[in-house]
Each structure stands twice: as C-alpha cells, then as structure tokens.
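Input: a single structure, listed below in structure tokens.
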Protein chains: 2
Amino acid sequence: MLSDRQRLILNAIVDNYIHSAEPVGSRTISKREDIGYSSATIRNEMSDLEELGYLEQPHTSAGRVPSTKGYRFYVDNLIQPHLLNEQDLVKLKQLFAERILHAEQVVEYTAQILTQLTNYTAIVLGPEIFEHRLRNVQIVPLNETQAVAIIVTHTGRVENKLIDLPDGIGSSEIERLVNLLNHRLTDVPLWQLRQRLYQEISGEMRRHTEQYEEMLQLLDQSFQQEETDRVYLSGATKIMNQPEFRDVDKVKDILELLEQHDQLLHMLGMPANGLTVRIGQENQLDAIKQCSIITASYSLGGKPVGMVGILGPTRMEYSRVITVLNHLAEGLSRMLTSQFEK
Amino acid sequence: MLSDRQRLILNAIVDNYIHSAEPVGSRTISKREDIGYSSATIRNEMSDLEELGYLEQPHTSAGRVPSTKGYRFYVDNLIQPHLLNEQDLVKLKQLFAERILHAEQVVEYTAQILTQLTNYTAIVLGPEIFEHRLRNVQIVPLNETQAVAIIVTHTGRVENKLIDLPDGIGSSEIERLVNLLNHRLTDVPLWQLRQRLYQEISGEMRRHTEQYEEMLQLLDQSFQQEETDRVYLSGATKIMNQPEFRDVDKVKDILELLEQHDQLLHMLGMPANGLTVRIGQENQLDAIKQCSIITASYSLGGKPVGMVGILGPTRMEYSRVITVLNHLAEGLSRMLTSQFEK
DNA sequence: TTTAGCACTCGATAGCTATGAGTGCTAACA
DNA sequence: TGTTAGCACTCATAGCTATCGAGTGCTAAA
C-alpha cells in the first residue's frame, strides 16, 4: 500500500502531467505549494513509485510520467470531485430544457455538448432498441409496386424501410394487414416481433404470402441497421489538439477506428450500470492504447439502455470528464424516464 | 496558346507528379518513353511553362510542380479518358443491383463505394428535398401528451418529429386532422406546405389551434434538419494517406471542415447540371486550398437534385475520379428516375 | 533548333558540440 | 532515522557546419 506522502506525490505528478503534457521532474513537484519537501526527497519517493510501477521514465535524464497503473490508482483513489462553473451548468440545463425534441436529436445534442464542455471526442450510444416496444406500424404505398413501411416504438423512435409490394395487392388489403399488425403486435418488444409473427399471425397473413416474407425481411434489416446507427460522434478531430498526437499515423489509426461504428459498438459493449473508465493499455484495441475512454450509462426506468462517453488522451482531465458525464447521464435518464415511464 | 510539345511536356509533368508527389525534374521527363527530347530541351520548355504560370518551383534547385493554372489546363485540355477495370465495374454494378433499398441507404453505400474505388474522401449530397411531394402524413400518439408526426414523400423519404400534443385532444380528433391533411395536401411540394396550410386549411384547423401552431413548427424544423443532414461522408481519413498531408495542422483544418456539414453544403452550392472541378486555389475556403473537389450531379427526371463528389489533394487522379463520378451519377439518376418517374 | 557540358544553387542529411533539465548517490544535518 | 544539500553523470535537444546531390540556367557546339 502507498504511504500518504506517496499518494500526495503521485497525485501531484498526475495533476501536473495532465496539464503540462511534459514529463514531471522532482523540482517542479517540490516547488508546489501543497508539497513541503525538497526535490531530493521527492526524487527518492519518485524512484520508489517507479519501482512499484506507478511511474515511468521516458529516458534516464527526463522527468517521470504516470503509467497506466499510476492513472488507475489516481482515478480509483486520488481524484477530487470537480465542481462545474456557472457557465457549464447553464449549458447542461439548456440541453434538458428543450422540451420538444426527437429522441435522436437529444442524443446528437448531447454529443455536441459533451465535446464543448470537455474538448475531447464524444461518443454517445443512442438508446438500445431491443427494449423498445412497438407502438404503431404503417405501410404507405408510393405507387403500384413500392411502399414505405414505418415502425414507431413507444419511445418515439421511427424506423422506415422501402419495400417492394407483391404484384396485384390492393390498398384495402394493405390496410387490413396493417390493422391486423397493429392490433396484435402493439407493445411487443421489437426483438420479439419476428417470432410473434411466425407463431401467432403467420396463418392469417398467409393470404398475402409474399407480403409476409417481406415483412420479416424488413424487420430483420431494421434491427441490423439499428445496431451500428446508434453511435453518435462529435468532435472527432479534438484529439489533434493534444501535443502527444501531433503524429499523423497515430491520429489516423484513431480516426479510422472512429469511422467504424460497429467496432466502436463492440468495444464499448453492453451498457453496464454506472461509470466505466478504461485507461491506456487497458484498452483492447491497439489504436487507442494511448487513449482513455470514460463512459457512463443512462437508463430508462432503472435499466441501462445507452451510454455517453469521452475519448481522450490517457493524460485526460478525469475528474472534470467524470463529473460532466455523470451529469449528462443522469439528465438523460431523468428525461427518458419521465417521458416514457407512464 | 501552348505548342503541341509544351502540352506534351505539361501532361507528362502533371502525370508524373500525380503519382510520385515529388517535384519533377527535366531528366525524369526526358527519360519517359513518350518523350524524345533531351533534358536540356525539356529544361527550356519547363522554364517557359513556368513563365506562363503553368508550373512552379518550390525552390531553385528542385524540380517543378504544376500550379493551379497547370492543373486547370490539364483537366480542361489534356486528360485522357480513364478505363475502369473489370473489378471496379463489378462493384459499381453491385450497388445498383440491390433493389430493395432505402433512399438514404443508397446514398450511404454510394459514398462508401466512391472511397473504395478512389481512395479519396467521398462527399455525397442526398436528393434535394424541396422538390419532394407529400405522399402521406401520420400522427402516432405515444401517450396522452406526446406523439410522433411522420411525413412520407413521394420518393419514399420519411421525416419524423416528436411533438407535444395540446391538452385534451382526443384520438378521433387527431384522426380527423390527419385525414384532412392527407386529403388536401397530398402531392404538394414540401416547400409549399406551410403556405398551403395557412391559405387553405388554417380555417378548418383552427378548431385545434395549438395543434395547428405545432404542425407549422414541425414542418419548419423538418426542412431545416434536412438541409444539413443531406451530407454523407465516407473515408474522411483517406487524406492522411497523402504524403503532402503528413502535417497534423493541415489535416486538422480539413477534417474540421468535413465535420461541419452546413459549411460543406454551402461550399458545394446548388447542384448544377454536370461535372464541376474545383482545383486548389480556386476553392474559397482556406482549409482546402491544397485540395481539389470534383462533383457530379445526379438528377430525377432530368432535374439535378443531388451530387456525388470527391475531395482529394490537388495532386489527384483526375481522370479516374471523373470517370467514377460520372458512372455513379448516371447510375443514381437512372435508379431514381426509373423508381419515381411514373 | 537541339543538345552536351559545366558552374551554380540550395534543401536535405550527417556529424559535432554545447546546453540544461533531470537523475541517482553520498554525505552531512536535524 | 528521515531529510536535504551537493555533485557527478546521463541524454535528448538545439544549433552549427560541412558535405552531398538533384536540379537548374546558361553557353557553345552540333
């Protein structure tokens, strides 16, 4: 276990490095107001901290830099709660003050506000669709052969798909079909739709055999599409402001990853409850082993359905970011829950 | 006017520079198979071409690089039609072979294929909405106070918006309202909707005064949203593969521009018929004065409604890009027109 | 008109040195 | 026994110079 002084010094080093991006020397630390020891003492402690794996030295005659383990300890044990200033709070309030908003728009704005407040890249996962329940189905014919199928969920999400109509199907037939679907499938979770179709109403639907096939296809594709389209990014280029990412090759790997929404989704995994911090080497993907990712889940009626996250350098303002994410996640949860929990 | 030999040499220089990214020297050119002159002769011609403004010299002891004017001449007068290989053609065909596709998905795939074929950043503008006509309006209540309003256009595009319902409105009232709207507004171009609402049915609607206000708001916002959401990007990071963009600052400016869809939209302007090439300095925005943008418009029933484009370094494979863009624009036009022109 | 030849230019590269931030260790001090 | 002053040592970085060579422009000959 670390002594109090070691913790104090580690905290000072991480703090300093976060803001300077330069390896921190013993003298820098000893000059700080909250430290009452000479540089020699600090040097000894730093040496110990390095031996214990909390610090690293880029080269012999340079200062020290926190290791992944060092950041981890900092995040888990040393972090001080960050207080947001008036301005930041106003921005957050404004987001949740807008009442008439599309679910997708809220998510998009959230991402934007996140980057504005943190100056890092924001990643937001829109609410998980599998828990969404069917509210309404519509089929709007465009001409003799084509129509748009529209699915509305109880959360107000709208999915739509262009479909080819079977030959010779009439508008009254379609209307009857839509009525049947709405009657039988309202409030069914989307992921059960196919199953229910098969089990319960395929019989009645079989009069329009082809239509039935396409309906299944449509729903199928709707889900797949959803999986990757839940990812909202903002401020992807912010990483280039960081001095340790002045190298095009590093940046390129990161930005390419950000373009691949399916990979992001896979990396972030299912939204677990609460806050997750992934620091540097703890990340699986090579491209972001010099980055940290912090995510917070938001929930609908107590169940986590999506997440808000920040991607930045390992040398990130953890305290501030965590505070902002918690605020946003809470706000989103409250908003979602109050809207749809009745 | 340039002599035949000057054209030959300019062509050789541009060609060479496009592939090597290095200033081209006289010896390199004189060694080419299609050139039968010594390096000294080439030097004299190069000197002349520089005086005329077609070439530039990074410094005295370096080779020459085409100027914006040089590229312009190359594009306007020297370019040879590029033949696509079998593989490329297959990819293009596959795109248009997929029948059951959402309009937005086609556009997204188009962008992806563009980057795949060219290795540059693709920018695609989805079909202009102002020409779209209303096909169908739906209002789906979610609970007592909220509903989703859905607009379907004759091209199969679906816009939706969460709205607050006025207090105490009943579902039969909503149904009547929707029927009224569908009855009166079908086939009206979207941009006329507000006007028509005011002129023709505000009277009948006034029974539900509040609803009427929100309907207007909804449509209004629908348009605005559309304006920037028409932009689809793919392969934004490709620019980093170019040796002249190894500098984070240059790249940053470009990528930041790409994040601002409204700026892109403004820069690209209304889709004029046919092909547009903007080379280097010809671009208004500083961030892309070292880039070229090539766009081709696609049309619906003869009228241009959107465009496909490529953003790359000035040192771009113009011939190939132009061919690919023409293919795609044509394909999109055919697809759109055959789908919706009946 | 073309080309060989040659002096000249100038960016890029390699090698060298000086600088200084920072360390580890030792010995003196409280 | 913990702390600190002092000092030799390390090593990345900046700046300087010399060298190299790709490429030019000009002149004179073919």
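Computed from heavy atoms alone, side chains included, the values below leave out hydrogens, waters and symmetry copies.
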* To do: Could you tell me which residues satisfy side-chain hydrogen bond (donor to acceptor under 3.5 Å, both in side chains) with A:Ser319, sequence neighbours excluded, listed by chain and number?
  => none

* To do: Measure the shortest side-chain to side-chain distance between A:Arg7 and A:Leu78 over non-hydrogen atoms and say whether it is less than 4.5 angstrom.
  => yes

* To do: Could you check A:Val75 against A:Ile294 for side chain to side chain contact (heavy atoms under 4.5 Å, CB included), going step by step and ending with a plain yes or no?
  => CA-CA 11 Å; A:Val75 168; A:Ile294 310 183; over 6 Å; no

* Is there a donor-acceptor pair closer than 3.5 Å between any side-chain N or O of B:Glu259 and the backbone N or O of A:Ala236? -> yes

* With under 30° as parallel and over 60° as perpendicular, where do the rings of B:Tyr318 and B:Tyr71 fit, or are they tilted in between? -> tilted

Enumerate all atom pairs, one protein N or O and one N or O from nucleotides 28-30 of chain C, separated by less than 3.5 Å.
none

Show me the protein contacts with nucleotides 27-30 of chain D, counting only N or O atoms at under 3.5 Å.
none

* Got a sec, which residues hit side-chain hydrogen bond (donor to acceptor under 3.5 Å, both in side chains) with A:Lys69, two or more places apart in sequence or on another chain? -> none

* Pick one: which of B:Asn119, B:Val308, B:Ile123 meets side chain to side chain contact (heavy atoms under 4.5 Å, CB included) with B:Leu114? -> B:Val308

* State, yes or no, whether a side-chain contact exists between B:His261 and B:Leu233 at a heavy-atom distance under 4.5 Å. => yes

* Any residue meeting side chain to side chain contact (heavy atoms under 4.5 Å, CB included) with A:Asp88, in chain and number order, not counting sequence neighbours -> A:Leu84, A:Asn85, A:Leu117, A:Arg320

* Heavy-atom side-chain contact between A:Ile13 and A:Met46 under 4.5 Å -> yes

* Quick one: which residue pairs count as a salt bridge (Lys or Arg N to Asp or Glu O under 4.0 Å) with a foot in residues 27-38 of chain A, not counting sequence neighbours? => A:Arg32-A:Asp34

Got a list of protein N/O to nucleotides 15-19 of chain D N/O distances below 3.5 Å?
none

* Structure fact -> By side-chain hydrogen bond (donor to acceptor under 3.5 Å, both in side chains), A:Asn241 pairs with (sequence neighbours left out) B:Lys252

* At under 4.0 Å, does any side-chain N or O of A:Arg64 touch on OP1 or OP2 of C:dG24? -> yes

* Could I get the full list of side-chain hydrogen bond (donor to acceptor under 3.5 Å, both in side chains) partners for B:Thr295, not counting sequence neighbours? => none

* To do: Would you confirm whether B:Thr121, through its side chain, and B:Gly235, through its main-chain N or O, come within 3.5 Å as a donor-acceptor pair?
  => yes

* By a strict heavy-atom criterion of less than 4.0 Å, which residues belonging to residues 45-63 of chain A are in contact with DNA chain D? -> A:His59, A:Thr60, A:Ser61

* Short side-chain to backbone donor-acceptor contact, A:Ser67 and A:Gly53, under 3.5 Å -> yes

* Structure fact -> Within residues 7-43 of chain B, the residues having a heavy atom closer than 4.0 Å to DNA chain D are B:Gly25, B:Ser26, B:Arg43

* Name of the residue among A:Gln290, A:His19, A:Glu244 meeting side chain to side chain donor-acceptor pair (under 3.5 Å) with A:Arg315 -> A:Glu244

* Structure fact -> In DNA chain C, stems of three or more consecutive pairs, Watson-Crick or G-U, each with both distances under 3.5 Å, turn out to be C:1-30 with D:1-30

* Asked: For the side chain of B:Asp76 and the backbone of B:Phe73, is there at least one donor-acceptor N/O pair under 3.5 Å apart?
  -> no

